[in-house]
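One structure is given here, and the rest of the page talks about it.
Sequence lines set the chain letters: A, B, ... in the order given, protein chains first and strands last, and positions in each chain run from 1. Heavy atoms only: backbone and side chains are in, while hydrogens, waters and symmetry mates are out.
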Amino acid sequence: MASNEPAINQDFIREIVVGDLESGKHTTVVTRFPPEPNGYLHIGHAKSICLNFGIAAQFGGQCNLRFDDTNPTKEEQEYIDAIEADVRWLGFEWAGLYFASDYFEQMYAWGEKLIGKGKAYVCDCTADEVRERRGTLTEPGRPCPHGHRPASESMDLFRRMRAGEFPDGARTLRAKIDMASGNINMRDPVIYRILHAPHPHAGDKWCLYPMYDYAHPLEDAIEHITHSICTLEFEDHRPFYDWVIDECELPEPHPQQIEFARLNLTYTVMSKRKLLQLVQEGMVSGWDDPRMPTISGLRRRGFTPEAIRDFADRIGVAKRDSMVDVQLLEHCLREDLNRRALRKFAVLRPLKLVVENYPEGQVEEFEVPNNPEDPAAGTRTVPFSRELWIEHDDFRETPPPKYYRLSPGNEVRLRSAYFVRCTSVVKDVAGNVVEVRCAYDPATRGGAALDGRKVQATMHWLSAAHAVPAEVRLYDRLLTRPDPGDVEEGQDWKANINQSSLEVLGGCWVEPSLADAKPEERFQFERLGYFCVDADSVGGKLVFNRTVTLRDTWAKIEQKQKR
RNA sequence: UGGGGAGUCGUCCAACGGCAGGACACGUGGCUCUGGACCACGUUAUUGGGGUUCGAAUCCCUACUCCCCAGCCA
């Protein structure tokens, strides 16, 4: 690494890595991202992905994608495919693609080895009996009656378990450690259980499946993982992790398990269980609903992988439980999109604006910058005519203090076009403003006043005759409270679900250049926010998702005035 | 009341015995053909109590608070 390279990402895990490299414990770095294919990846996984792949890249090592598929009753091929796609979309390429299930034969052999050493035994207890004898947090467990079964008998039984001679739950293989340990994970944990279930990757080959605690350290050892990074709740599994590797007599250097705090985000549920619940109970349209914190949901919403990676860098890595403000994620997104997104005009809640002194039938094309942040993005033309759409919120018959936009008698700029002054309004029988009339100043063509006069507001607009219809979906946070666990007595997290997190706007208009926009393309609709073409845009129908609004100073002023 | 972890601005992360700093958020002002972006300025923190030390967020003792663990889930 060049000496002028900036020191980046110095967290406690990277400090350990540096230490291991300097001490010579390791000469290379191998990490892994080990999802169980029982659900979709979410922003919390993205933190882990960025950490594992990031460390490997930073130290010239490698990172594997490994499916931790030890429980066929919960896993599906659909999830395997989605996880691979999501990791790639985030911008990472794995050194090796592995499946824990491909190691089952080797793991089984090590199981026999443990039996032979007297370090594991076949237990005939029922699940209830195991639980009953395990003790509690404060009381030690009691020895299992099968703990002293001769190794030869356990060996025979273990082989017959594999052969399919026993039904689910009839027997287990247990590590023989210490039923009195203060650490419940060391009270003779089950390491193999019988499951007559087809496996999405291994097929019908097995009816005997290893438990996570037994399988994971072996997977890591097989792949020569140097640093096995996981979340905090596995901290007290570490003694067993080390026990497995030691007792299976795997060669040095052993992988080292290191735990960090998982990501929590305000206004966001993160557990796979809760996300599954949202999907199964129809609270959202699916795993990729744009309100979901899943990678596929964020992608459909319009997030960029760059923004997510930047976010992962900024939140850091530590061991204390924390709750990151979702506004930081939004900030990273806005920063990225502001730099790159092409600007467009769109009117979400249209109000007719008639330019009374503009010739009927006349059309002008105005040149508008595609991205003021990036002159290289060039310009486009937008047609202008006598009848326009403006945003309903850009007109007030009686403007509140500090309202700069259109109101009777007031002059504003129509961006890149003309100054217009409101002359009158047209109302329906109920008294609602249905049309605004104005006069334009031909001397302000292109949006600049030669006499140097100023207007306080610049507004976007669309020629009614040229605008293209679209549907726009506005999203709000899925939860009403920052902490999803913050609920009244007796209620669960679903009490905090925001019932109005989706608003569908049907009568929207967008500029003609958007007519051929394709799914996942992102734009800034000027003054409104960032928007992304939804996959539902088929057959000439345009559907946009609002990714995130622009920062809105006026909204803040208005909020204050209301209070 | 067993075992394992963690306590620094509102939030997240730094500072590894030597001036508590950055980012987000928030506030004020400037600028602007997006009330965007950008720029400037500002408010706010070492859980409490002892000790060691010239000097403690950092080391020691103690108290307190919070999180995780009793799946044949991961």
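Side chains of A:E219 and A:Y212: no donor on one and acceptor on the other come within 3.5 Å. Between the side chains of A:Y530 and A:Q524, a donor-acceptor pair is found at a separation under 3.5 Å. A donor and an acceptor atom, one from each side chain of A:H460 and A:R527, are located under 3.5 Å apart. In this model, no donor atom of one side chain and acceptor atom of the other lie less than 3.5 Å apart for A:N371 and A:E373. In summary, the side chains of A:D86 and A:H45 do not present any donor paired with an acceptor at a separation below 3.5 Å, with no hydrogens or angles considered.
When rounded to the nearest whole Å, the span between CG of A:L337 and P of B:C38 equals 13 Å. Rounded to whole Å, atom C1' of B:A37 lies 15 Å from atom CG of A:L528. Following rounding to the nearest Å, A:L328 (CG) and B:G22 (C1') show an atom-to-atom distance of 12 Å. In this structure, A:F12 places its CZ atom 14 Å from C1' of B:A14, rounding to the nearest Å. When the C1' atom of B:C66 is taken as reference, atom CE of A:M323 falls 13 Å away, rounded to whole Å.
A:I315 comes within 4.0 angstrom of sugar-phosphate atoms only, judged by non-hydrogen atoms across all strands, and of no base. Within 4.0 Å (heavy atoms only), A:M459 reaches no atom of the nucleic acid at all. Residue A:R131 is classed as a sugar-phosphate contact, given heavy-atom separations below 4.0 Å to backbone atoms only. Residue contacts for A:E330: at a heavy-atom cut-off of 4.0 Å it reaches no nucleic acid atom on any strand shown. When heavy atoms are screened at a 4.0 angstrom cut-off, A:R171 is found touching no nucleic acid atom at all. A:C125 comes within contact range of at least one nucleobase, with a heavy-atom separation under 4.0 Å. Among the protein residues, A:A318 comes within range of the sugar-phosphate backbone only, with heavy atoms under 4.0 Å from sugar or phosphate atoms but none that close to a base. Heavy atoms of A:Y192 sit nowhere under 4.0 angstrom from any nucleic acid atom. If you check every strand for non-hydrogen atoms under 4.0 Å, A:T136 touches a base. Residue A:A457 is out of contact with every strand shown, counting any heavy-atom pair closer than 4.0 Å. Contact annotation for A:V317: backbone-only contact, meaning every heavy-atom pair under 4.0 Å involves sugar-phosphate atoms and none involves a base. Within the nucleic acid shown, A:R134 comes within 4.0 Å of sugar-phosphate atoms alone, with no base atom in reach, counting heavy atoms only.
Under the 90° criterion around 0 for the glycosidic angle, B:G71 counts as syn.
In this structure, the side chains of A:F366 and A:T381 stay at 4.5 Å or more apart for every pair of heavy atoms.
Evaluation of atom-type donor-acceptor distances gives no pair under 3.5 Å for the side chain of A:Q327 against the base of B:U11. Between the base of B:G5 and the side chain of A:E233 there is no donor-acceptor pair shorter than 3.5 Å.
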**OP:** Report the secondary structure of RNA chain B in dot-bracket form, marking unpaired bases with a dot and bases paired to a different strand with |, and treating Watson-Crick or G-U pairs with both distances under 3.5 Å as paired.
**Re:** .((((((..((((....[..)))).(((((.......)))))....(((((..]....))))))))))).....
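When distances are taken from the side chain of A:L550 to each of B:U34, B:G35, B:G71, the shortest belongs to B:U34. With B:G35, B:U11, B:C69 as the choices, the nucleotide that has an atom nearest any side-chain atom of A:T458 turns out to be B:G35.
A distance of 6.0 Å or more separates the ring centres of A:F525 and A:F345.
At the phosphate of B:G4, neither OP1 nor OP2 sits under 4.0 Å from any side-chain N or O atom of A:R238.
Each of A:Y209, A:F158, A:Y103 was evaluated against A:Y108; a single residue qualifies, A:F158, per the ring pair (Phe, Tyr, Trp, His ring centres under 6.0 Å) test.
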